[in-house]
Amino acid sequence: MTSADLDTISDAVSASDVLSSGGAAKALRLSFHDCVGGCDGCLNLDDEDNAGLEDIVTSLEAVYADNNFSELLSRADFWAYTGILAVERSVKTNNRNCVSDDCSVTTPVFNFQYGRVDCDTAPSTDANVGHPGSNLDYDGLIAYFEDNFGFNENETVALMGAHTLGGASRANSGHAGSWVTGERAWFNKNYYSIMIDAANAWTQTDISSRNEDAIYQWNSDAGFMLNADMAIYKDIQVDSTGMSACTYDDCTASPTADLVDTYAGSNDVWMDDFVAVFTKMINHGTFTLMDLDA
């Protein structure tokens, strides 16, 4: 596979418009969900953790089949590369809308390798690989990414910044809102920036309806956070329903709070670390990766 082949794939994805209208956020989410348990180009759409990914899987399958991309790369390779394209596109959107020097994001440079191996039933599977829950506290979040990806604390915090893109839907996860208000299609450090700002008056809220179990999330005018998001900055402890034992102002700092502050202060620092951990994530699995030919 050559760099020219990669350009052809990029052009086809762009021409399909699959990354428009929220597609970039879905493609980024798909790249993570596929790589839980090892990137294999297979997703269990009967698993409620994958709710909302049906459309992006269908759209990417059409691009993959219509262009005979199976002759170049596996679906797992294709999904991983589309995740990279989603980041690149969202950075461009951010920079088009940027009105000051400190909001611009340097175009990320990824070293994409290919050679991932699809499962026998790609793109579908009935396997349940176990995705992280929204109510994880700090210890649970760090343990999940260490156990499943071999990430350390800093890598986990850097990857969580992907939540700057897109949002959540009640129909899919029970949660609702844009991670960063007004920036659903942008990729920048503002996930961290709004998290550290006490002036945003973060409040944990149960958004469930009368006949549902509790669905807790942290709300503000600036955006929303899951318990698992807020845990990288505030050492929240939640009960079995997800209710925090402390308020935003009363919670003590998490062990990675200083790193969150650092990322909130620099798009460049965060993006460098994000590119490294995202690459590690999409390289996760039992296969041999190869560099592109010139």
Side-chain angles (χ1 to χ4, degrees), residues 16-36 43-62 79 82-83 85-87 89-90 93-94 97 123-125 128-136 141 144 159-188 190-192 194-195 200 202-232 238 241-244 278 281:
S16 73
D17 220 25
V18 69
L19 299 183
S20 298
S21 303
K26 291 179 181 179
L28 187 62
R29 181 179 170 221
L30 174 62
S31 64
F32 167 65
H33 280 233
D34 181 43
C35 291
V36 175
L43 202 70
N44 183 353
L45 292 175
D46 292 327
D47 182 349
E48 61 182 13
D49 287 336
N50 294 322
L53 292 174
E54 300 89 346
D55 290 348
I56 191 69
V57 170
T58 299
S59 297
L60 289 179
E61 185 66 11
W79 289 0
T82 304
L85 295 176
V87 173
R89 181 188 180 101
S90 304
T93 300
N94 174 82
N97 289 276
S124 62
T125 181
N128 291 309
V129 294
H131 297 91
S134 65
N135 286 330
L136 291 174
L141 182 73
Y144 175 87
L159 185 69
M160 292 295 288
H163 276 175
T164 195
L165 180 64
S169 163
R170 286 295 309 272
N172 294 334
S173 66
H175 297 281
S178 300
W179 301 110
V180 180
T181 301
E183 299 187 6
R184 290 181 73 97
W186 303 13
F187 205 77
N188 57 36
N190 287 347
Y191 165 83
Y192 305 102
I194 66 171
M195 184 184 294
N200 286 328
W202 289 101
T203 304
Q204 196 197 42
T205 305
D206 179 4
I207 66 166
S208 62
S209 60
R210 181 179 302 175
N211 297 320
E212 290 180 305
D213 293 333
I215 303 173
Y216 282 103
Q217 63 182 47
W218 296 82
N219 289 337
S220 79
D221 289 341
F224 96 101
M225 301 278 167
L226 305 175
N227 281 329
D229 293 304
M230 193 60 73
I232 66 175
V238 299
T241 69
M243 183 177 180
S244 173
F278 186 78
M281 182 196 82

Query raised in the report: Minimum heavy-atom separation for Phe187 to Leu165, with atom names?
Result: CD1-CB, 4.0 Å

Query raised in the report: Can you tell me if Asn190 and Thr164 form a side-chain donor-acceptor pair at under 3.5 Å?
Result: no

Report task. Kindly write out the residues that satisfy side chain to side chain donor-acceptor pair (under 3.5 Å) with Ser244, not counting sequence neighbours, or none if the list is empty. Result -> none

Report task. Please report the shortest heavy-atom distance between Ser173 and Ala168, naming the atom on each side. Result -> OG-CB, 3.9 Å

Query raised in the report: Considering residues at least two apart in sequence or located in another chain, which fulfil the side-chain contact (heavy atoms from CB on, under 4.5 Å) criterion with Thr203?
Result: Thr205

Query raised in the report: If you take all heavy atoms of Ser220 and Asn200, which pair is closest and at what distance?
Result: CB-O, 3.0 Å

Query raised in the report: Is the shortest heavy-atom distance from the side chain of Asn97 to the side chain of Glu183 under 4.5 Å?
Result: no

Kindly list each side-chain donor-acceptor pair under 3.5 angstrom involving residues 23-35, sequence neighbours excluded, with atom names and distances?
from, atom 1, to, atom 2, distance (Å)
Arg29, NH1, Ala51, O, 2.8
Arg29, NH2, Asp49, O, 2.9
Arg29, NH2, Ala51, O, 2.9
Ser31, OG, Leu28, O, 2.6
His33, ND1, Asn50, OD1, 2.7
His33, ND1, His131, NE2, 3.4
Asp34, OD1, Asp40, N, 3.3
Asp34, OD1, Gly41, N, 3.0
Asp34, OD1, Cys42, N, 3.2
Asp34, OD2, Asp40, N, 3.4
Asp34, OD2, Gly41, N, 3.1

**Report entry** Side chain proximity check, Tyr216 to Val238, heavy atoms < 4.5 angstrom
**Finding:** no

Query raised in the report: Can you name the salt bridge (charged side-chain N to carboxylate O under 4.0 Å, His left out) partners of Glu61, sequence neighbours left out?
Result: Arg75

Query - Under the side chain to side chain donor-acceptor pair (under 3.5 Å) test, residues paired with Ser208 that sit two or more places apart - result: Asp206

**Report entry** Counterpart residues, side-chain contact (heavy atoms from CB on, under 4.5 Å), relative to Arg89 (two or more places apart)
**Finding:** Asp17, Leu19, Ser20

**Report entry** Partners passing side chain to side chain donor-acceptor pair (under 3.5 Å) against Ser134 (at least two apart in sequence or in another chain)
**Finding:** His175

**Report entry** Results of ring-ring contact (aromatic ring centres under 6.0 Å, His included) for Phe224 - residues two or more places apart only
**Finding:** Trp179

**Report entry** Results of side chain to side chain donor-acceptor pair (under 3.5 Å) for Thr93 - residues two or more places apart only
**Finding:** Arg96

Query raised in the report: According to the salt bridge (Lys or Arg N to Asp or Glu O under 4.0 Å) rule, which pairs have a member within residues 163-177, sequence neighbours left out?
Result: Arg170-Glu212

Requested in this report: Could you list the residues that satisfy side-chain contact (heavy atoms from CB on, under 4.5 Å) with Ser124, not counting sequence neighbours?
Outcome: none

**Report entry** Set of salt bridge (charged side-chain N to carboxylate O under 4.0 Å, His left out) partners for Glu54, sequence neighbours left out
**Finding:** none

Requested in this report: May I ask you to check whether Asn227 and Gln204 show a side-chain donor-acceptor distance below 3.5 Å?
Outcome: yes

Report task. List the atom of Asp46, the atom of Asn44, and the distance in Å for their closest heavy-atom pair. Result -> N-OD1, 2.9 Å

Report summary line: Closest non-hydrogen atoms of Arg184 and Ser178, given as atom of the first, atom of the second and distance, are NH1-OG, 2.9 Å

Query raised in the report: Which heavy atom of Leu53 sits nearest a heavy atom of Ile56, and at what distance?
Result: O-CG2, 3.1 Å

Query raised in the report: Considering only heavy atoms from C-beta outward, does the side chain of Asp229 approach that of Trp218 to under 4.5 Å?
Result: no

